[in-house]
Amino acid sequence: MKQLPKTYDPKQVESRIYRYWMDGNWFHAERDPEKTPFTIVIPPPNVTGQLDLGHAFDETIQDVLTRWKRMSGYCALWLPGCDHAGIATQIKVEEELRREGLTRFDLGREKFLERVWDWKEHYGDRIVEQLKTLGSSCDWQRQRFTMDEQCARAVREAFCSLYEKGLIYRGKRIINWCPHCTTALSDAEVEYVEKSGFFWHIRYPLADGSGSVEVATTRPETMLADAAVAVNPQDERYRHLIGKTCILPLVGREIPIVADEHADMEFGTGCVKITPCHDPNDFEVGQRHGLPQYLMLDGEGRITGGYKWDGMDRYEARKAIVEELEEGGYLASIEPCVHNVGTCYRCHSDVEPLASDQWFVKMQPLAAEAIRVVEEGDVKFVPDRFAKTYLNWMYNCRDWCISRQLWWGHQIPVWYCQDCGHMTVSRQDAAECEKCHSRNIRRDPDVLDTWFSSALWPFSTLGWPDKTEDLAYFYPTDVLVTGYDIIFFWVARMIFSACEHTGQYPFRTVLIHGLIRDPHGKKMSKSAGNGVDPMEVIEKYGADALRFNIITGNSPGNDMRFFPERCEAMRNFANKLWNASRFVMMNLTVEDNRLPETLELEDRWILSKFNALAREVGENLEKYELGIAAQKIYDFIWDSYCDWYIELTKTRLNGEDPAAREQAERVLLYVLTETLKLLHPFMPFITEEIYQALPHQGTALMVQPYPGWRAELDFAQEEASFEEVMEMIRAIRSRRSEMNVPPARKTRLFIVTDDGGAFEAGRDYLRRLAYASEVTVSRLAPDGAEGMAGVVTRSARCFMPMSELVDLDQERERLNREIEKNRGFLENQRRKLANTNFVSRAPESVVRAERERAEKLEVLLANLEASLKQLG
RNA sequence: GGGAGCAUAGCUCAGCUGGUUAGAGCACAUGCCUUACAAGCAUGGGGUCACAGGUUCAAGUCCUGUUGUUCCCACCA
């Protein structure tokens, strides 16, 4: 018989996992309804060289689902990484270049991309290794990164087809510009941060010399690009100014005063400077009034446009301009204020809204279908409150800016003719202008937003735009798992892209989880240095412990704080399971795990408990309540199996009767094996290791069917009557503890009950677990009971002859307290049952349960009173 | 300004569609090295389930409001 090593060493256990894999390979999805009717979409790791806990969370949840489905006779399809590795890598490479005193322009497009690619490959391998360590059973051999041909074709197809339908356009709009990344950003990529700043109130003199208007701004440098001043048409104060002009200080430009609803009469002075190129609202105002557009910032946030501050950084220029305004007497006042500043979600520099020629996706037509599939329930969010978040965004989203002035990414498939100006949008690389056939064409240098290609993921990875067998079989997919922080970035975009390109929703269920935070509840971030590397945790406690920690103790969609101590508790649990398994193996003589022909009461009890567990765990998993399922398995293993059942079997295992011994072994082995199956998705390493050491059928635990409820294991009656014995054992232990009786001191037990069956059967266990030397079960109290220590449960009384330890007065007092307490309960119970409303309106099962409870209480009270009477 | 989450034991959190006397881990107290496990066993202390109303036979759970707190979206000249 195989044995496990004496001590549980996660490192050793977890290094062995690959041995058990089917065919020694990572799992490959097959097109076979028996094996793969379930498809999970998983996000690729955002490659930055190390896996963080956020990914550990993602990965673990996905892996639990996959393993569970696979064990249920299903398989899961993993759609591994296609695309997302590039962005973080590009930033790394740019930083590296900067340290060398270079920019990407010095390197040139080709060389730069090569360098990014090298980094990315390097990261990719590391991530794969790290995920394996965590236990992810994903098929990483199918890994494809961004630039692979399939993905590029899909992106081009999507772009061109949207363009042909008029859903993509190029135009000048206000976009968010990151001067650090020197690129446009989409609205979703801007994070607003509260910063303290100032309102600068500036006076613009009227051109006719009749006074001035006062405007306020938080960005005074943008005055260089002012094209007008607006007042509200309803505003009596300024009605006389409409149509006049004023002189822009420092610049000397004469600008009109226009009437526009945008000016809020209640806010500030009621006059607002209009800077069409640097503010979205002002842009609209500019359009309405046909104002000229002046641009005063270049791509790196420096002043431009022929001013004396040209080339100066935006913040230095702000200082200089304010100073000069003050000197010129134009500065009316400075008022401190707190305002939201948009920052780049990657580099956290302040973004500048500015007018720029970019490519946009027209959102309104796309959103309509994306709203429908969620509202009509084709796509479900779990928990469903996130559907609201999603819908709210969908209803209000503006056109999506998809062009980026970066080099890493899918280059936009558009060629501009230098001769006739025509735009050629093409699936193939264009050699000439499609209109005038000039070969003097230039490709748009910009690339697409990474999320544009990510949005195609559920189908592009299956071969779209080709009509592949994979696509026909696996699409639409079943579940997408991700954190709530990328609902807008990714989930929303996958949904509308899927609807548009494939005419179908991309997945049926979106399982949203929370974020892992540090012990103080702060978001983990690399810059704050409070991030936790899962590899360190795994090193210390093991991947199983980390997985179990992450999966339990929080509810779906809620954030969780990460405490290493909790990992320790989970490691202890693994250790407990390890030792219990060792115990079983040490005692094992049988070679197969069939159940015995006959069963003892406690066997039926544990089998019945296990059966209920299997049913509940299945139900919880179906509802994606992974934490609850895991918690139930934990409780069953620790409490029911280890603390009770194993202790109970020791009598038979150490006894003389070989038949009884084998019987106990078989039940121990059966329940252990089945429980390992239930636990496997949550703790894949240790369960597989133990399973391999036990007598078993088939290759690996991970491909065994997942247990469910079975009628032949349902022993509700026996379960309940054994619980009575357990109750008695607990009561006796408690009583002994109160009286400070050391375990070594055994006593006789006299059990007094009308229903002796369970206690007769449990005699040996009372002896073992309740420290009894001898157990007598009868209907009548023993002689001399009045001097014994007594214990009362709902089904029986028990007397222990330890008169020297019993203080009769204390005993009486204790019994009186008990009686009083239980009378209270009974009265409550009776009141409830006397209430005709309750009896008539509550469901029958509830009423029956309450009746039974009342009956039990009555018996208990009778027992207590009998004991009290006996004391005299 | 709009929306959402959270508020339960000293700490961190469970508690699914309302139905026993509200649970776990950690921490705390007491007693045990009982040959699977001291990373353990047994026993125990500890909670007006934020507050105020309401619905119901029945509320930690559902509804309304209040307070505190966190987050998302929008606006902010």
Side-chain angles (χ1 to χ4, degrees), chain A residues 4 6-8 192 199 215-219 222 229-230 262-264 267-275 279 281-282 337-340 383 385-386 388-389 392-393 396 484-485 487-488 514-515 519 521 523 549 552-563 565-566 568-587 616 619-620 623 625 627-628 631 634-635 642-643 646-647 650 654 730 733-738 740-744 768-769 771 821-822 824-825 828-829 832 835-843 845-847 849-850 852-853 856:
Chain A
L4 292 169
K6 188 149 194 261
T7 45
Y8 165 59
Y192 288 88
F199 264 129
V215 297
T217 179
T218 53
R219 295 182 299 157
T222 62
V229 168
H262 168 59
D264 182 349
F267 192 89
T269 58
C271 302
V272 53
K273 64 195 265 309
I274 300 298
T275 323
D279 181 280
N281 289 313
D282 292 8
C337 72
V338 176
H339 60 145
N340 281 335
R385 68 185 133 94
F386 290 107
K388 267 189 229 167
T389 314
N392 184 50
W393 187 82
N396 298 306
Y484 62 73
D485 55 333
I487 292 176
F488 304 137
L515 309 178
K523 204 169 167 176
N549 181 11
T552 55
N554 78 326
S555 44
N558 284 0
D559 291 352
M560 104 184 274
R561 299 188 198 192
F562 185 79
F563 292 93
E565 306 88 73
R566 236 182 85 82
E568 194 177 337
M570 296 311 154
R571 194 269 321 265
N572 293 352
F573 170 63
N575 186 54
K576 185 77 181 171
L577 175 65
W578 183 264
N579 281 307
S581 305
R582 268 197 332 117
F583 173 81
V584 173
M585 279 177 218
M586 285 164 81
N587 286 288
E616 287 171 30
E619 286 168 358
N620 289 132
K623 289 187 278 184
E625 292 163 357
I628 296 175
Q631 188 63 48
Y634 175 102
D635 290 341
C642 293
D643 288 346
I646 283 187
E647 291 306 321
K650 282 178 180 172
N654 299 336
R730 283 200 198 95
R733 283 172 178 170
S734 173
R735 191 80 183 85
R736 287 174 59 105
S737 175
E738 260 173 52
N740 290 317
V741 185
R768 184 178 181 87
L769 302 178
Y771 318 101
K821 193 173 80 185
N822 286 295
F825 292 147
N828 266 342
Q829 218 60 32
K832 206 181 259 186
N835 184 337
T836 49
N837 275 330
F838 171 71
V839 178
S840 60
R841 292 191 199 187
S845 61
V846 174
V847 177
E850 296 291 333
E852 278 167 22
R853 205 168 302 135
K856 286 255 163 102

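For clarity, every value in this text was computed on a predicted model and none was experimentally measured.
- Between the P atom of B/C6 and the CZ atom of A/Arg561 lies a distance of 15 Å, rounded to the nearest Å.
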Footprint string (nucleotides 16-25 of chain B, 5' to 3'): B base within contact, S backbone only, - free, heavy atoms under 4.0 Å: B--BBB--SS

Quick test: give all pairs of protein nitrogen or oxygen and nucleotides 44-50 of chain B nitrogen or oxygen below 3.5 Å, distance rounded to 0.1 Å.
residue : atom : partner  : partner atom : Å
B/G44   : OP1  : A/Ser734 : OG           : 3.2

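- Nearest-nucleotide positions on RNA chain B for A/Thr389 and A/Asn587 put A/Asn587 closer to the 5' end.
- Every side-chain contact (heavy atoms from CB on, under 4.5 Å) that A/Arg561 has, sequence neighbours left out, goes to A/Phe563.
- Note: CZ (A/Phe267) to C1' (B/C76) measures 6 Å, nearest angstrom.
- Following rounding to the nearest Å, A/Ile646 (CD1) and B/G40 (P) show an atom-to-atom distance of 15 Å.
- Using a 4.0 Å heavy-atom cutoff across all strands shown, A/Cys642 reaches at least one base atom of the nucleic acid.
- Using a 4.0 Å heavy-atom distance criterion, A/Asn835 is classed as a sugar-phosphate-only contact.
- In this structure, A/Phe386 reaches neither bases nor backbone, as no heavy-atom distance under 4.0 Å exists between it and the strands shown.
- A/Tyr634 does not carry A/Lys576 over the face of its six-membered ring by the limits of under 6.0 Å from the centre and within 45° of the normal.
- To the nearest 0.5 Å, atoms CG (A/Asp485) and NZ (A/Lys523) are separated by 5.5 Å.
- Counting non-hydrogen atoms under 4.0 angstrom, A/Gly553 reaches the backbone sugars and phosphates but no base.
- A/Lys650 comes within 4.0 angstrom of a nucleotide base, judged by non-hydrogen atoms across all strands.
- Here A/Thr275 lies out of heavy-atom contact (under 4.0 Å) with every strand.
- Within 4.0 Å of A/Asn558, counting heavy atoms only, lie sugar-phosphate atoms of the nucleic acid but no base atom.
- When the P atom of B/G40 is taken as reference, atom CZ of A/Arg582 falls 14 Å away, rounded to whole Å.
- At the heavy-atom level, A/Asn340 lies under 4.0 Å from base atoms of the strands shown.
- Straight-line distance from the CD atom of A/Glu738 to the P atom of B/G31: 16 Å, rounded to whole Å.
- For the pair A/Gly627 and A/Asn572, nearest-nucleotide mapping onto RNA chain B gives the more 5' position to A/Gly627.
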Output field dot_bracket for RNA chain B (Watson-Crick or G-U, both distances under 3.5 Å, | for other-strand pairs) contains (((((((..((((.....[...)))).(((((.......))))).....(((((..]....))))))))))))....

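- Under the side chain to side chain contact (heavy atoms under 4.5 Å, CB included) test applied with A/Asn549, the options A/Glu565, A/Glu568, A/Met560 reduce to a single match, A/Met560.
- Checking side-chain atoms of A/Ser737 against main-chain N and O of A/Arg733 turns up no donor-acceptor pair under 3.5 Å.
- A/Asn579 places a side-chain N or O within 3.5 Å of a backbone atom of A/Asn575 that can act as its donor or acceptor partner.
- Between the NZ atom of A/Lys576 and the P atom of B/A39 there is a distance of 12 Å, given to the nearest Å.
- Under the ring pair (Phe, Tyr, Trp, His ring centres under 6.0 Å) criterion, A/Tyr8 pairs with A/Trp578, sequence neighbours left out.
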Side-chain donor/acceptor pairs under 3.5 Å, residues 268-275 of chain A, sequence neighbours excluded:
residue  : atom : partner  : partner atom : Å
A/Thr269 : OG1  : A/Glu214 : O            : 2.5
A/Thr269 : OG1  : A/Cys271 : N            : 3.3
A/Lys273 : NZ   : A/Thr222 : OG1          : 2.7
A/Lys273 : NZ   : A/Asp226 : OD1          : 3.0
A/Lys273 : NZ   : A/Thr275 : OG1          : 3.1
A/Thr275 : OG1  : A/Asp226 : OD1          : 2.7

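- You'll find a donor-acceptor pair under 3.5 Å spanning the side chain of A/Arg571 and the base of B/A39, going by distance alone.
- Remark: A/Phe199 CZ to A/Thr217 OG1 distance equals 8.0 Å, nearest 0.5 Å.
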